[in-house]
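Since this is a predicted model, take the numbers as computed values, not measurements. Every number for a ligand or one of its atoms is a count from 1 in the order of the listing.
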Amino acid sequence: MLVRLKIRRYQPETSEEPYYQSFQVDVPEKATVLDSLLEVRDYLDGTLNLRASCRSAICGSCGMRINGVSRLACKTLVVDVAPRGGEITIEPLANLPVIKDLVADMDPFWRKWREVTPWLVTDGEEEKPVREHLMSNKLAIYLTQFAGCIACGVCYSACPIVAIDDEYIGPAAMAKALRYSYDPRDHGKRQRLARLAEEQGLWRCHTIFSCAEQCPKRVNPTEAIQQLKKMVILARLGLAR
Ligand code: SF4
Ligand code: FES
């Protein structure tokens, strides 16, 4: 099928301002938007910059805005966003600086991710546990959703609060914070909640659900944020277990 890609270009060596450039490509019926972009890069314009690797919605590299919606290009079929051919507008992830063309600078995303201590914090005395840590099946299944995050930044791009406050910690970091704070092996909950209870932490979320709606891995950061709010409130009331 013939499809026209209207791509936001930014080539700082040759132009200070971004601009749009259109390319027409002939791609198979089942082609993804990423396939179409690679067709452009491989056969029409080798200067097109984009980030991609696995082509299977696993590595989290190919987040971008497609017709204004933040998505993974490798998980988006051309036929779904341009059912009768036509034009697809492709732009880099929002709420992040752009390095070149479709390549967003993920540094702000990773800086906030690190602020929630996204790993298991062990208790010094438990460094050599004498028995296994137990987790109920129910909790393990619940946490699978949050552990499935591939750090693609799609939710960060979709978040209207990050758009107006670039210091807001954002949905992905909070989904990760919940994943570890609920883990019975972890001892980092207190430090995570202290960070998240700050001004640009979880209270800034307006429960708009954009992150959950656009996450390609069906993670629900909005739910994680509400659970974290509950944990903070219970801790303040001295009711935390
Ligand atoms: S929560 Fe979803 S959208 Fe956000 S970074 Fe993780 S996988 Fe991507
Ligand atoms: S190329 Fe890996 S997630 Fe799209």
Q | E17 CD: over 12 foreign heavy atoms closer than 6.0 Å | A | no
Q) What protein heavy atom is closest to atom 1 (S) of ligand 2, reported as residue, atom name and distance in Å? A) R55 N, 3.2 Å
Q. Any idea which atoms of ligand 2 are less than 4.0 Å away from a heavy-atom of C74?
A. 1 (S), 3 (S), 4 (Fe)
Q) Applying ring-ring contact (aromatic ring centres under 6.0 Å, His included), which residue pairs with at least one partner in residues 1-23 are found, sequence neighbours left out? A) none
Q. Can you list the residues that meet the salt bridge (Lys or Arg N to Asp or Glu O under 4.0 Å) rule with R55, with sequence neighbours excluded?
A. D35
Q: With rounding to the nearest 0.5 Å, note down the distance linking CZ in F146 to OG in S181.
A: 11.5 Å
Q: Taking only heavy atoms of A57 into account, list the atoms of ligand 2 that are under 4.0 Å away from them.
A: 3 (S)
Q | Proximity to ligand 2 by part of C54, non-hydrogen separation under 4.0 Å | A | both
Q: Applying salt bridge (Lys or Arg N to Asp or Glu O under 4.0 Å), name anything that partners R111, two or more places apart in sequence or on another chain.
A: E115, E167
Q.
Is it true that D101 and Q11 share a donor-acceptor pair across their side chains at a distance under 3.5 Å?
A. yes
Q. Got the closest protein heavy atom to atom 3 (S) of ligand 2, with its distance?
A. G60 N, 3.2 Å
Q. Does one side chain, of Y168 or K112, offer a donor that lies under 3.5 Å from an acceptor on the other?
A. no
Q. C59 heavy atoms, cut-off 4.0 Å: which ligand 2 atoms fall inside?
A. 1 (S), 2 (Fe), 3 (S)
**Q.** Subset of ligand 2 atoms that lie under 4.0 Å from at least one heavy atom of I58
**A.** 3 (S)
Q.
Between D45 and R41, is the salt bridge (charged side-chain N to carboxylate O under 4.0 Å, His left out) condition met? List the steps.
A. CA-CA 5 Å; D45 186 344; R41 192 190 64 185; over 6 Å; no
Q) Around atom 8 (Fe) of ligand 1, what protein N, O or S atoms are found below 2.8 Å? A) C152 SG
Q.
Test side-chain contact (heavy atoms from CB on, under 4.5 Å) on T207 and Q226; report intermediate values, then the result.
A. CA-CA 8 Å; T207 326; Q226 307 324 305; 3.9 Å; yes
